[in-house]
Amino acid sequence: MSELIIYNTLGRKLEPFKSLVPQKVGMYVCGPTVYGPPHLGHVRGPIVFDVLRRYLSFKDYQVRFVRNITDVGHLVGDADEGEDKLQKQAKLEQLEPMEVAQSYTDQYNWAMDQLNVQRPSIEPKASGHIIEQIEMIQSIIDKGYAYEVNGSVYFDVSAYSKKHNYGELSGRNTEDLIAGAGNESRSLEGQEEKKSPNDFALWKQATPEHIMQWTSPWGKGYPGWHIECSAMSAKYLGESFDIHGGGMDLLFPHHECEIAQSISAHNNEPARYWVHHNMITINGQKMAKSLNNGIKVTELFEGQHPLLSRGFGPKTLRFFVLQAHYRGTLDFSEEALLASEKGMKRLESAIGLIKNLKTSDSATIKVDDIKSAIFDALNDDLNTPIVIAHLFELARRIQIVNDGKETISIEMRDDLDQLMHQVYYNILGMPKINDDSSQNNLNEVMNLVTDIRSSAKIEKNYELSDMIRDRLKAAGITLMDSKEGTTWKID
RNA sequence: GGUCGGAUGGCCGAGCGGCUAGGCAGAGGUCUGCAAAACCUUUUACACCGGUUCGAAUCCGGUUCCGACCUCCA
């Protein structure tokens with residue numbers, strides 16, 4: 001098997017993957033800010049990095065996968081008074097901030113479980129690592145790359161730029177940034193405190209209304225945007241580790257700032273490989289809470305959305321995401337989802353045929369050519385759409401054998417079975433449970449039953465209609481009659 | 001205004017110098033009492049204008065559209 005080639009945003013080119021420590025990989029992925037329910041935009045990164053993680057594990061690497069939970073310190077983007085996001089929601093909902101964070105964390109993890117995304121090896125919370133963040137900020141101050149003003153601490157980009165390259169990841173330079181700063185894309189509190197508009201906050205002084213605040217050498221406050229990832233990745237993966245993943249929208253400023261912070265504090269490039277996935281778009285625009293065009297994961301599963309005529313299972317969603325390369329945008333629509341679902345079902349029905357395929361002494365079909373093609377595609381910057389295309393070719397061959405037009409040997413059939421399971425379930429991580437069709441089947445059956453019962457009622461055959469209702473009740477399903485028709489629910 | 005990335009058939013989406021991507025939809029067929037499902041076969045592309053080349057969706061230049069980001073929203 002040849003080696004994995006991965007696109008490194010740092011350097012903007014494809015590079016062979018080599019781990020720092022033989023057969024071990026440290027991987028950090030920026031996790032969610034838990035201030036809202038998970039939507040489609042949250043789903044792609046976890047799936048993509050889950051496949052990368054699974055593939056590295058498949059290649060016998062021992063992977064430590066760290067994904068944080070951001071539960072403090074971030075400000076609301078759209079015009080407001082700079083309240084902490086979590087605090088704002090908490091006021092709205094009359095709950096403790098941590099209660100809100102916990103609830104959304106649970107929802108997020110539930111969605112990840114549904115999508116068969118493996119839980120991280122470590123899932124650190126920003127709120128649980130304030131001390132580490134303070135220590136790192138102090139270290140940056142000590143090195144001369146940060147300064148304190150009125151209880152807040154800012155990173156000194158120009159001081160840093162004298163020795164290092166601020167912009168090495170995003171390809172920006174400080175002059176451009178200052179030129180662009182005049183566009184008034186946003187007005188931020190505390191701008192006038194900074195030496196330069198390029199400087200970013202490491203620690204913010206808290207106003208008395210802030211519920212979430214911690215004691216620091218600079219007074220009461222809360223950590224800035226970017227420091228948590230730097231502090232936590234260093235704590236659990238070391239000052240230098242293998243892979244840092246995230247969405248392309250995080251490239252600047254978040255990841256650029258992480259690099260600057262880590263180099264300042266540790267004198268080390270934090271990550272060897274920076275891997276960025278592209279966004280899911282809807283009508284050509286990225287899906288984000290701030291744009292208010294998000295489809296919640298639960299809305300997708302249940303079909304409760306104006307763009308959806310019915311629900312789609314997590315399995316379909318995962319397949320849909322993997323049918324596009326992670327670095328390209330993926331445009332969402334029900335039509336596209338429908339296409340993925342049908343293809344996926346066809347593929348799975350072929351997989352289901354393998355075990356019962358009739359075998360012969362000699363085989364007239366091949367498997368090895370596809371097998372190597374699949375791993376070539378995986379090694380080629382995780383080209384999952386190509387992998388899936390090859391899987392469809394395999395499905396076609398399975399059907400041909402099943403139709404008796406070609407033959408397969410026992411060994412080859414076992415090989416095929418193993419290959420399909422390795423690739424489809426273990427590496428692509430497709431959920432094994434048949435969530436989609438079982439739910440759809442139930443819907444169909446229930447529609448049939450309620451139709452029959454409606455006819456019975458029209459014919460005043462209440463004996464039959466009541467019998468149906470009673471039997472369903474006994475089976476745990478309640479029917480509810482109304483003027484509009486009959487609805488049902490599972491008790 | 002700056003930085004970066006896109007424009008592929010009805011839809012989603014690979015390819016990145018010559019070779020059918022793939023899926024869905026459409027068409028034809030096999031099967032079937034009729035359907036459905038399943039399976040087989042198959043039509044339709046490379047934003048525009050120049051250039052390089054024996055040969056370009058793929059390389060170069062220009063044009064037009066679209067998107068992301070631009071520091072205290074991951």
Side-chain angles (χ1 to χ4, degrees), chain A residues 9 12 29-35 41-42 45 68-70 73-78 80 82 85 126 152 154-155 157 166-167 170-173 175-183 185-186 188-191 193-194 196-204 223-229 246-257 260 276 278-279 281 284-286 288-290 319-320 323-325 327-347 349-350 353 377 383-393 395-396 398-400 402-403 405:
Chain A
T9 311
R12 313 250 167 193
V29 173
C30 293
T33 301
V34 283
Y35 69 105
H42 290 130
N68 65 296
I69 296 285
T70 299
H74 294 280
L75 303 175
V76 178
D78 33 80
D80 62 57
K85 255 186 185 174
S152 294
Y154 296 98
F155 188 89
V157 171
Y166 184 77
S170 59
R172 293 163 204 248
N173 62 57
E175 290 79 36
D176 290 339
L177 290 166
I178 289 170
N183 74 348
S185 63
R186 57 180 70 159
L188 298 162
E189 148 192 39
Q191 280 294 63
E193 291 181 350
K194 302 195 295 188
S196 157
N198 281 344
D199 296 349
F200 56 89
L202 297 173
W203 187 265
K204 280 295 276 185
W225 265 4
H226 318 296
I227 196 73
E228 59 163 295
C229 288
M248 281 183 182
D249 51 346
L250 299 185
L251 226 159
F252 190 88
H254 185 58
H255 292 159
E256 194 69 67
C257 293
H276 290 94
N278 218 135
M279 313 275 91
T281 58
Q285 273 199 318
K286 98 163 168 170
K289 188 183 167 77
S290 55
F319 194 79
F320 174 68
Q323 265 192 309
H325 185 82
R327 283 196 285 124
T329 53
L330 172 58
D331 205 42
F332 175 87
S333 66
E334 177 162 48
E335 200 184 357
L337 216 50
L338 217 42
S340 286
E341 186 184 58
K342 288 200 105 178
M344 176 187 78
K345 284 183 175 166
R346 204 163 69 78
L347 194 54
S349 77
L353 288 174
N383 199 331
T384 54
I386 294 290
V387 172
I388 290 173
H390 289 312
L391 255 23
F392 275 109
E393 170 58 23
R396 198 182 66 83
I398 291 166
Q399 293 296 166
I400 293 173
N402 193 237
D403 290 350
K405 290 173 187 156

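Residue numbers start from 1 in every chain, and the chains themselves are labelled A, B, ... in the order their sequence lines are given, proteins ahead of strands.
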Would you kindly give the [atom1]-to-[atom2] distance between [X] and [N], to the nearest whole Å?
{"X": "I398(A)", "N": "rA38(B)", "atom1": "CD1", "atom2": "C1'", "value": "14 Å"}
{"X": "N278(A)", "N": "rA68(B)", "atom1": "CG", "atom2": "P", "value": "11 Å"}
{"X": "L347(A)", "N": "rC39(B)", "atom1": "CG", "atom2": "P", "value": "10 Å"}
{"X": "L330(A)", "N": "rC12(B)", "atom1": "CG", "atom2": "P", "value": "10 Å"}
{"X": "D249(A)", "N": "rC69(B)", "atom1": "CG", "atom2": "P", "value": "6 Å"}
{"X": "K345(A)", "N": "rC39(B)", "atom1": "NZ", "atom2": "P", "value": "13 Å"}
{"X": "H254(A)", "N": "rU71(B)", "atom1": "NE2", "atom2": "P", "value": "15 Å"}
{"X": "Q399(A)", "N": "rU30(B)", "atom1": "CD", "atom2": "P", "value": "19 Å"}

Using atom [atom1] of each nucleotide, how far apart are [N] and [M] to the nearest Å?
{"N": "rU58(B)", "M": "rU52(B)", "atom1": "C1'", "result": "13 Å"}
{"N": "rG13(B)", "M": "rU30(B)", "atom1": "P", "result": "36 Å"}
{"N": "rA21(B)", "M": "rC12(B)", "atom1": "C1'", "result": "14 Å"}
{"N": "rG15(B)", "M": "rG1(B)", "atom1": "C1'", "result": "35 Å"}
{"N": "rG61(B)", "M": "rC70(B)", "atom1": "C1'", "result": "28 Å"}
{"N": "rG6(B)", "M": "rC59(B)", "atom1": "P", "result": "10 Å"}
{"N": "rC4(B)", "M": "rU20(B)", "atom1": "C1'", "result": "34 Å"}
{"N": "rA45(B)", "M": "rC19(B)", "atom1": "P", "result": "16 Å"}

Give RNA chain B the dot-bracket treatment, 5' to 3': Watson-Crick (N1-N3 with N6-O4 or O6-N4) or G-U (N1-O2, O6-N3) under 3.5 Å, [ ] crossing, | other strand.
(((((((..(((.....[...))).(((((.......)))))....(((((..]....))))))))))))....
Return no unless some side-chain N or O of N383(A) is found under 4.0 Å from OP1 or OP2 of rG15(B).
yes
What is the nucleic acid contact for [X], judged by heavy atoms within less than 4.0 Å: base, sugar-phosphate only, or nothing?
{"X": "H325(A)", "value": "sugar-phosphate"}
{"X": "G31(A)", "value": "sugar-phosphate"}
{"X": "T329(A)", "value": "sugar-phosphate"}

Who passes ring-ring contact (aromatic ring centres under 6.0 Å, His included) against [X], sequence neighbours left out?
{"X": "F155(A)", "result": "Y160(A), F200(A)"}
{"X": "F319(A)", "result": "none"}
{"X": "H276(A)", "result": "H255(A)"}

So, E256(A) side chain and S170(A) main chain: donor-acceptor pair closer than 3.5 Å or not?
yes
Tell me if a side-chain donor or acceptor on S196(A) pairs with a main-chain N or O of N198(A) at a distance below 3.5 Å.
yes
Partner set under side-chain hydrogen bond (donor to acceptor under 3.5 Å, both in side chains) for [X], not counting sequence neighbours:
{"X": "S152(A)", "value": "none"}
{"X": "R396(A)", "value": "E393(A)"}
{"X": "H325(A)", "value": "D381(A)"}

Closest of rA14(B), rC12(B), rC39(B) to the F320(A) side chain is rC12(B)
Among rG13(B), rC40(B), rU71(B), the nucleotide that comes nearest once only the side chain of D331(A) is considered
rG13(B)
Which residues share a side chain to side chain contact (heavy atoms under 4.5 Å, CB included) with L337(A), sequence neighbours left out:
L300(A), F312(A), T316(A), F320(A), F332(A)
Who are the side chain to side chain contact (heavy atoms under 4.5 Å, CB included) partners of L391(A), not counting sequence neighbours?
L347(A), I374(A), V387(A), L394(A), M420(A), V423(A), Y424(A), L428(A)
Generate the contact string for nucleotides 18-28 of chain B. Rules: B means base contact, S means sugar-phosphate contact only, - means no protein heavy atom under 4.0 Å.
---BSBSS---
Quick test: give all pairs of protein nitrogen or oxygen and nucleotides 56-60 of chain B nitrogen or oxygen below 3.5 Å, distance rounded to 0.1 Å.
none

Rounded distance [0.5 Å steps], CG in L353(A) versus CG in D403(A)
9.0 Å
Rounded to the nearest 0.5 Å, what separates atom CG in D249(A) from atom SG in C30(A)?
9.5 Å
Which pairs with one or both residues in residues 330-339 of chain A pass salt bridge (Lys or Arg N to Asp or Glu O under 4.0 Å), sequence neighbours excluded?
none
Hey, which of these two, S170(A) or L202(A), hits RNA chain B nearer its 5' end, going by closest nucleotide?
S170(A)
Is there a donor N/O on one and an acceptor N/O on the other, under 3.5 Å, for the side chain of R172(A) and the base of rC69(B)?
yes
